[in-house]
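Below: one structure, written as structure tokens.
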Amino acid sequence: MKPGQTQRRPWIVGVSGASGTPYAAAVLRGLLAAGESVDLVVSRASRLTLLDETGIAFRDAHWRDDLRQWLARGADGKPDTFDVDLGDDGAGVRYWSAGDLAAGPSSGSYPAKGMLIVPASTACVAGVALGLSKDLLQRAASVTLKEGRKLVVSVRETPLSGQTLKQLVALDEAGAVVLPASPAFYAGATHIQDLVDFVAGRVLDAAGVGHGLYRRWEGDIGGASRATGVTDATGVTGMA
């Protein structure tokens with residue numbers, strides 16, 4: 001690092017093979033909009049999910065073009081919904097192959113703010129909980145835990161087996177934030193993107209990253225209906 005240069009400290013974002021690639025895209029857009037640096041790890045299984053959910057083939061040799069296309073796509077599948085700025089090479093987004101166990105995030109001495117796994121499959125949850133480190137995603141998560149950094153695991157599966165629940169408890173006890181990809185409706189969602197952005201916003205909340213992805217609850221019963229112009233047929237609104 002050159003004298004006077006600020007050390008780059010990225011958020012590591014791991015994308016596993018669970019359904020929910022729009023969640024990952026929304027989190028990545030939120031981090032970049034907040035001026036955060038990102039180190040991206042895309043698992044082998046997630047490439048198949050991404051191809052299935054978006055038609056985008058994520059390729060190591062063309063990752064910037066593929067990532068830009070992915071992040072520009074809306075949750076409803078429409079291309080070019082968002083303007084995407086990946087930042088300068090090596091500053092905004094840095095990509096590491098999931099099979100590269102010698103990559104920077106595999107070491108505790110690599111400077112990072114923490115790690116967000118979005119979405120997290122049950123296989124990913126098991127691997128991290130058991131410390132398997134079978135690929136860079138799992139290894140980076142293990143490093144994040146051992147270094148006492150923030151780890152947010154956005155699990156996307158239903159129903160959850162007893163074994164997975166035990167593994168999620170183990171992650172919680174190890175210091176991770178277990179954050180199910182569970183959208184809420186009090187924010188006044190009128191579009192699938194609103195539901196995706198709510199989950200992404202909660203992930204960023206857990207990481208302490210500022211954003212404006214959803215309408216926050218302020219104790220105003222019926223506020224969402226008024227904000228969106230939606231009227232309840234019964235005239236009654238409430239929260240559990």
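- Looking at heavy atoms from C-beta onward, Ile12 lies out of side-chain contact with Leu116 at the 4.5 angstrom threshold.
- With rounding to the nearest 0.5 Å, the separation of OG in Ser107 from CG in Leu101 is 12.5 Å.
- No side-chain donor-acceptor contact under 3.5 Å links Glu157 to the backbone of Thr122.
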Exercise for the section: For salt bridge (charged side-chain N to carboxylate O under 4.0 Å, His left out), just list the numbers for Asp60 and Arg47, CA-CA rounded to whole Å, side-chain angles, deciding distance to a tenth of an Å, and then say yes or no. Expected result: CA-CA 11 Å; Asp60 284 350; Arg47 295 177 187 228; 2.5 Å; yes
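- No donor-acceptor distance shorter than 3.5 angstrom exists from the side chain of Thr164 to the backbone of Leu160, with no hydrogens or angles considered.
- Although no hydrogens or angles enter the test, the distance criterion places a donor-acceptor pair under 3.5 Å between the side chain of Arg149 and the main chain of Gly108.
- Shown are Val27, Leu40, Leu137, Thr49; of these, the side chain to side chain contact (heavy atoms under 4.5 Å, CB included) with Val15 is made only by Leu40.
- Considering only heavy atoms from C-beta on, Glu36 comes within 4.5 Å of Val209 through its side chain.
- A side-chain donor-acceptor contact under 3.5 Å links Asp194 to the backbone of Thr190.
- Remark: the backbone N or O of Ser121 is paired with a side-chain donor or acceptor of Ser16 at under 3.5 angstrom.
- In this structure a side-chain-to-backbone donor-acceptor pair under 3.5 Å is missing from His211 to Gly30.
- Judged purely by atom type and a 3.5 angstrom limit, Arg139 uses its side chain to pair as donor or acceptor with the backbone of Ser106.
- Of the options Arg9, Lys113, Arg8, a salt bridge (Lys or Arg N to Asp or Glu O under 4.0 Å) to Asp39 is made by Arg8 and by none of the others.
- Within a 6.0 Å radius of NZ in Lys166, no more than 12 heavy atoms belonging to other residues, nucleotides or ligands are found.
- Val42 and Val152 fall within a single hydrophobic cluster, where Ile, Leu, Val, Met, Phe, Trp and Tyr are joined by side-chain heavy atoms under 4.5 Å apart, directly or via other members.
- The hydrophobic cluster containing Val13 does not contain Ile117, counting ILVMFWY residues as joined when their side-chain heavy atoms lie under 4.5 angstrom apart, directly or transitively.
- Residues Phe198 and Leu213 form no side-chain contact, since every pair of their non-hydrogen atoms from C-beta on lies 4.5 Å or further apart.
- Judged by distance alone, with hydrogens and angles left aside, the side-chain atoms of Gln193 form no donor-acceptor pair with the main-chain N or O of Asp76 at under 3.5 Å.
- In this structure, Asp85 and Leu32 have side chains that are not in contact, with every pair of non-hydrogen atoms separated by 4.5 Å or more.
- Here the side chain of Gln167 pairs no donor or acceptor atom with the backbone of Val125 at under 3.5 angstrom.
- A donor-acceptor pair is defined here as one N or O able to donate and one able to accept, closer than 3.5 Å; no such pair exists between the side chain of Thr54 and the backbone of Leu51.
- Contact of the Lys150 side chain with the Thr144 side chain is not registered, since no non-hydrogen atoms from C-beta on lie closer than 4.5 Å.
- With Tyr23 as the aromatic partner, Arg156 does not meet the cation-pi criteria of under 6.0 angstrom to the ring centre and within 45 degrees of the ring axis.
- The 12-atom threshold is exceeded at CZ of Arg73, counting heavy atoms of other residues, nucleotides or ligands nearer than 6.0 Å.
- Tracing side-chain contacts under 4.5 Å through hydrophobic residues (I, L, V, M, F, W, Y), one never reaches Val177 starting from Leu145; they form parts of separate clusters.
- Shown here is Arg68, whose CZ atom has more than 12 heavy atoms of other residues, nucleotides or ligands within 6.0 Å.
- Between Tyr110 and Gly104, the shortest heavy-atom distance links the atoms CB-O, 3.0 Å.
- A donor and an acceptor atom, one from each side chain of Asp205 and Tyr214, are located under 3.5 Å apart.
- Inspection of the Gln138 and Ser133 side chains reveals no N or O donor paired with an N or O acceptor under 3.5 Å.
- Side chains of Pro10 and Val38 form no contact here, defined as non-hydrogen atoms less than 4.5 Å apart.
- Between Leu71 and Phe82 there is no side-chain heavy-atom pair separated by less than 4.5 Å.
- Ala206 and Leu179 get closest at one heavy-atom pair: CB-CD1, 4.1 Å.
- The closest side-chain heavy-atom distance from Val199 to Ser154 is below 4.5 Å.
- Going from atom CH2 of Trp63 over to atom CZ of Arg94 covers 9.5 Å, rounded to the nearest 0.5 Å.
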